[in-house]
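In what follows, chains carry the letters A, B, and so on, assigned in the order in which the sequence lines appear, proteins first and then strands, with residues in each chain numbered from 1.
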2 protein chains.
Amino acid sequence: MVRNRPTIEEVARRAGVSPATVSRVLNGTARVSRDKVRAVLEAVEALGYTPSPQAQSLAKGRSYAVGIILPDFSSAFYGPILEAITLELESTPFRPIAVPGHWSLVRELEALDFLKGHRVEALLLLGTSLESSALKNLNMPVLAFGQPLEGPRVWSLVLDNRQAAYRATRYLLDKGHRKIAHISSHRGGMDIRERLLGYRKAMREAGLEVRVVYGNLQEDGGYRATQELLSRYPDTTAIFAANDQTAFGARLYLFKQGVRVPEDISLMGFDDIPLAAYHIPPLTTVRQPAGEVGHALIEALKNLLEGKEPQFPFIALDLVERASVKEVGT
Amino acid sequence: MVRNRPTIEEVARRAGVSPATVSRVLNGTARVSRDKVRAVLEAVEALGYTPSPQAQSLAKGRSYAVGIILPDFSSAFYGPILEAITLELESTPFRPIAVPGHWSLVRELEALDFLKGHRVEALLLLGTSLESSALKNLNMPVLAFGQPLEGPRVWSLVLDNRQAAYRATRYLLDKGHRKIAHISSHRGGMDIRERLLGYRKAMREAGLEVRVVYGNLQEDGGYRATQELLSRYPDTTAIFAANDQTAFGARLYLFKQGVRVPEDISLMGFDDIPLAAYHIPPLTTVRQPAGEVGHALIEALKNLLEGKEPQFPFIALDLVERASVKEVGT
DNA sequence: CTGTTAGCGCATTCAA
DNA sequence: TTGAATGCGCTAACAG
């Protein structure tokens, strides 16, 4: 099942050289005479030889693998980030091993063990809720996105969610809204809590009532949260959801109730997942640039693996004005 | 970087036994006295030992890895299937290695090489356009979804896309529509072509004009295709898109033109990706059940790896009636 | 029940 | 420039 692929030994025999020489030409690790190079290449071609990364990893003492823990492969937000990372990694010798944590701390710890077992050379944490203590004696560098983690070899790329949420709320205020609600979630990491704080700050500064309900960061949670929201606060004129998927759920509930967006209620999301631009009406939201985040993480990773100190660029969370927010008379 | 993790040898020394014994207790591969078991377990715990899958793989001659090639991690359709597969695999000793092919044959072949190199024990092909010849001397079983592939150890799970598209078109006809257009794509595999054929068949049977334009299976392509569609056939009353994302793109164009859905034009998609139910209006579409597909693939895989012949269950493609199609007077 | 031995496929010494 | 020898971490076969 696995033992049937050609080994370096067979290639060597066919080329009339030693395994060491085959290794040398394949890795360019020493000069080899032209004839032998050709012979080796021919043999490799004829046999369809591919070196075993497992064996290479054992022999070299490194895996050239980077571990990635993310919540879910089907996530509309982390999927694109993973995609960006995979793309960026292609130009390096490193390969990603991605494991979903399924929003559960236990699963995340299992994922961590799995990746430790695989001897990954670095860890990328995307939207996990792992604590710093879990990374205690980890012996490898860790890059976290979405959550500030502590540790000697831990670096976090955290965007200013609080400030962005503050500005988003201010935007609604500037549009004349006063009864503004926020749909948050108990699930999710620090970024979600930061968005809540940003919303609260803006509302308090404006001397307005804070209206918060909770979903699960998915569409169905947004739907139910909106139901609750409107029964508790029927006069709400604007809803700021903690992420786009929640906003979509809210939108559906409003649609079913015959509430128009943005004519009756304005709606704002967070993340700017690809579908936000194609929603009806196109969703006004705060953009978290997946491509830039992926790029930044991989750049940092490269520096790290070369022994340099990683540098994160500043990544702005900009408001994307589309069509789901309307100005209202004050 | 990698050489600093404890090895089986250190565990053995600390427990006062031989490495073989450690291996035995960890793998339950032979009876070991209670004392030594305890000593080993203690040592493992104290050292935080995790076996190296690399070394295990080498020694055992098998990798316990299954390779998965899919178009894109950020795909709204394949993402959930990958997620389902990952979940199903958790109860088996096998682990997935997923590689994106990015809709490119070259990339898919590279992915194939990569997975061969990793000595995966089976291959799962999700929506690739690989040809049977590429799987010629592959030495491992292959399970393909979405595309019928030939080969001695190749099995394909292909759903009846043509029939489903035929029924979908018939549904529109039954609702009184006569000017029905289809947005297909040159990209994509056989399933997309089959949907086109199903549409054509229904239209021809009804003696109606076939109206086809082409997108790229993404939202932007659907947007542009609809633009072209309405300029060529302004009197179209229903659009059947080859997938949901295309339908979303179409929806946005219609929205911007002030065309109402479903009042002015009815819209139907294909796939039933999670967001379809949350679109505005909720999208009537044909459901490809990601969970069932993932389950079926893994069941087949299990049989395969136990040496049995894999069996695929029949998976129906059912129409999901939501709110984007309206009945019109004939 | 348990230790010793011999590889798994490869890269890297060390000599020649 | 090249081959032989050694070891990466682990399991399996073979003796006891």
key: Spacing of K60(A) atom NZ relative to dT12(C) atom P, expressed in whole Å   = 6 Å
query = Between E299(B) and K302(B), does at least one N-O distance fall below 4.0 Å, as a salt bridge requires?
reply = yes
query = Rounded to the nearest Å, what distance is computed from the CZ atom of residue R119(A) to the P atom of nucleotide dG9(D)?
reply = 8 Å
key: Whole-Å gap separating C1' (dC8(D)) and CD (Q54(B))   = 11 Å
message = Let me confirm one number: the NE2-CG distance from H295(B) to L87(B), rounded to the nearest 0.5 Å.
response = 12.0 Å
inquiry  = Looking at dT2(D), I'd like to know if its phosphate oxygens (OP1 or OP2) sit under 4.0 Å from a side-chain N or O belonging to S33(A).
reply    = yes
request  = Tell me what P19(A) touches on the nucleic acid: a base, only sugar-phosphate, or nothing, going by heavy atoms under 4.0 Å.
outcome  = nothing
message = Taking 4.0 Å as the cut-off, does a side-chain nitrogen or oxygen of Y49(A) come that near to OP1 or OP2 on dC10(C)?
response = yes
request  = Given side chain to side chain contact (heavy atoms under 4.5 Å, CB included), test I85(A) with L126(A) step by step and report yes or no.
outcome  = CA-CA 11 Å; I85(A) 288 177; L126(A) 307 179; 4.1 Å; yes
request  = Remember a base hit wins even if backbone is also touched, and classify S52(A) as base, sugar-phosphate or nothing at under 4.0 Å, heavy atoms.
outcome  = sugar-phosphate
request  = Evaluate whether atom CD of E131(B) has more than 12 neighbouring non-hydrogen atoms of other residues, nucleotides or ligands under 6.0 angstrom away.
outcome  = no
inquiry  = Can you measure D35(B) atom CG to dG3(C) atom P for me and round it to whole angstrom units?
reply    = 12 Å
ask   = Closer than 4.0 Å, any side-chain N/O of T21(B) to the OP1 or OP2 of dG3(C)?
value = yes
query = Do the side-chain N or O atoms of T7(A) get closer than 4.0 angstrom to the phosphate oxygens (OP1, OP2) of dG9(C)?
reply = no
Atom pair distance, as rounded to whole Å: CZ in R24(B) and P in dT4(C) = 11 Å
query = Checking all strands, does V22(B) fall into the base, sugar-phosphate, or nothing category for heavy-atom contacts under 4.0 angstrom?
reply = nothing
request  = Respond yes when some side-chain nitrogen or oxygen of Q56(A) is under 4.0 Å from OP1 or OP2 of dA11(C), and no when none is.
outcome  = yes
message = Please report the distance, rounded to the nearest Å, between CG in L26(A) and P in dA11(C).
response = 7 Å
message = Using 0.5 Å steps for rounding, measure from the CG atom of L138(A) to the CZ atom of R153(A).
response = 9.0 Å
